[in-house]
Asker: 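Got a structure here, written out as structure tokens. Questions coming.
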Protein chains: 2
Amino acid sequence: MSPATDPPKRRTFRGLPLEQRQRERHERFMEAGLALYGVRGYHGVTVRELCTEARLTERYFYESFKDREALFGEVYQRQVEQLRGRVLEVIRRHQPDPRAMARAGLETFFQGLREDPRCARILFVDVLSISPAMTEQSRQVTSGLSGFLLQFTQALYPQLKGSGLDPQIIATGLVGACINVAMHWVYDGFEQPVESVRDNCYALFEAMILSWSVKTSTAG
Amino acid sequence: MSPATDPPKRRTFRGLPLEQRQRERHERFMEAGLALYGVRGYHGVTVRELCTEARLTERYFYESFKDREALFGEVYQRQVEQLRGRVLEVIRRHQPDPRAMARAGLETFFQGLREDPRCARILFVDVLSISPAMTEQSRQVTSGLSGFLLQFTQALYPQLKGSGLDPQIIATGLVGACINVAMHWVYDGFEQPVESVRDNCYALFEAMILSWSVKTSTAG
DNA sequence: ATAAATTGACAATCAGTGTTGTCAATTTAC
DNA sequence: GTAAATTGACAACACTGATTGTCAATTTAT
């Protein structure tokens, strides 16, 4: 049917095969996305700016991503996985002391944001105002976080069940507390030392657990 | 210098003086802003749509507002003041019982969001991704909220000072907890009864206060 | 009744932006 | 060396949206 234009034959260029060149371009756009989205937000950044930042052209942008939102989605997902991975790793390393695990996890979380404040904007601000699809993606991530927290505390304190409270709501609240503290910390330019932020958030966790065990021990 | 076109003489129309007509138009745009921004978000709404919703034309939009952002700012500020006013009022009405005050305040907060879910999106989501100016406005509001919470708890529990924790961070965390719980509640379609949401958030407050007084009493 | 003010509908302008296409220059395979 | 693949710069196109301007119809004051 079509007049049969032979597809161009792939070949190496500057010593690199096609796949690697494509991966490198993809990677440069990812970095440009982090740099621009993370500072000016999703809606304030154009495709052209992303291309300039990546030192590539529009053609390659659409080679790697369906549209602007797709790039944001990938940047978002990568940030989530990087930070989550670091936190899980450090938690594992502090087993089995639950307090050390919680404190180290919190500290790693906050350290990650301080090392790269752009992460905070991408993870907690812009993702919510792009599209219903991105909002859903974000909600799944934070729900997963609450779920993990839930599992963690219930494994450590099995007596927490049956206190009349809703563990899911409590977990959602604690996650929200950390996020809000983190955001203010970031926007205030990291005034407080990371140890203070960590300890105060940990205090929220501990308070909740304490109160829980008190309630359940007096109730049971 | 200018060819001296006389300014049009103001007069009544449909029995209403100019000021009142302008105020009514302004009001219709405010309602349109709440309706559209509150559902589709700031970036998804155009001036034309706002005009259609308000059953007015672009000319009147720019009569009332400098631009799209100005309308959002006013809608935001009004929502803040309405909700805050209701919460403060009900807290006052439950004086002097601190638990009743806290629980009633929380319940009013959540009820307000349930009665008008558009409020949640405007207050907690979109305001953060519009401009640095709007972000700053939002931060001032939530800082004010944390400040109020701080004052409230410190007045009730003067022994809380000197526990080694940073009350400002704790307050920021508690506010973030309520916001996050509220957002998930809204987006989940108000599955849980408002009493449950209220009680669980209150439990966070109470846990914090309890833990605080325990720490200070054992330390002092 | 008439002229002026007011309104509403909509055209016109102007600036961006996403997206696709062109083309010359560069690099590679043969 | 030559043809094909690849790249990079940028033009072209289509579309959207903010903002200003036009004008006829309506209402009011005198």
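Every heavy atom of this structure was used, including side-chain atoms; hydrogens, water molecules and symmetry mates were not. Throughout, a chain's letter reflects where its sequence line sits, starting with A, and its residues are numbered from 1.
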Asker: From D/dG8, C/dT7, C/dG18, pick the nucleotide closest to the side chain of A/V47?
Answerer: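 So the nucleotide nearest the side chain must be C/dG18.
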Asker: Salt bridge between B/E27 and B/R78, side-chain N to carboxylate O under 4.0 Å?
Answerer: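 Yes, this pair counts.
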Asker: For B/T46 and for B/T12, find the nucleotide of DNA chain D with the closest heavy atom, then tell me which residue's nucleotide is more 5'.
Answerer: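 This one resolves to B/T46.
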Asker: Does the pair B/R103/B/E107 count as a salt bridge with the N-to-O cut at 4.0 Å?
Answerer: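 Salt bridge between B/R103 and B/E107, a charged N being under 4.0 Å from a carboxylate O: no.
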Asker: Would you say a side-chain N or O of A/T57 is under 4.0 Å from OP1 or OP2 of D/dT7?
Answerer: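 Result: no.
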Asker: Would you say that more than 12 heavy atoms from the other residues, nucleotides or ligands in this model lie under 6.0 Å from the CD of B/Q151, or not?
Answerer: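 Result for CD/B/Q151: open.
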Asker: For A/E58 and B/E49, take the nucleotide of DNA chain D holding the closest heavy atom to each; which residue's nucleotide lies nearer the 5' end?
Answerer: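 Nearest nucleotide further toward 5': that of A/E58.
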Asker: Indicate, with a heavy-atom threshold strictly under 4.0 Å, whether B/R48 touches base, sugar-phosphate, or nothing.
Answerer: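 Base, at least one base heavy atom under 4.0 Å.
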Asker: Closer than 4.0 angstrom, basic N to acidic O: yes or no for B/R14 and B/E24?
Answerer: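 Looking at B/R14 and B/E24, the cut-off is not met.
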Asker: Looking at A/R68, I'd like to know whether one of its side-chain N or O atoms comes within less than 4.0 Å of OP1 or OP2 on C/dG18.
Answerer: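 Checking C/dG18 against A/R68, a side-chain N or O does come within under 4.0 Å of OP1 or OP2.
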Asker: What does B/F61 touch in the nucleic acid at a heavy-atom separation under 4.0 angstrom: a base, only the sugar-phosphate, or nothing?
Answerer: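 The residue B/F61 makes no contact with any strand.
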Asker: Does A/Y62 make a side-chain N or O approach to OP1 or OP2 of C/dG18 shorter than 4.0 Å?
Answerer: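 No, outside the criterion.
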Asker: Taking only side-chain N and O atoms of B/R14, does any of them lie within less than 4.0 angstrom of OP1 or OP2 on C/dT6?
Answerer: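 Negative; the distance criterion is not met.
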Asker: What is the distance, rounded to the nearest whole Å, between atom CD of B/E69 and atom P of D/dT19?
Answerer: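 So the two atoms are 11 Å apart, to the nearest Å.
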Asker: Without decimals, in angstroms, what is the distance between A/H43 NE2 and D/dT16 P?
Answerer: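 Result: 18 Å.
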Asker: For B/R55, answer base if it contacts any base atom (sugar-phosphate contacts may also be present), sugar-phosphate if it contacts only those atoms, and nothing otherwise; contact means non-hydrogen atoms under 4.0 Å.
Answerer: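 No contact at all - B/R55 keeps every heavy atom at 4.0 Å or more from the nucleic acid.
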Asker: Once you apply a heavy-atom cut-off of 4.0 Å, does B/R59 come out as touching a base, just sugar-phosphate, or nothing?
Answerer: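 Result for B/R59 = base.
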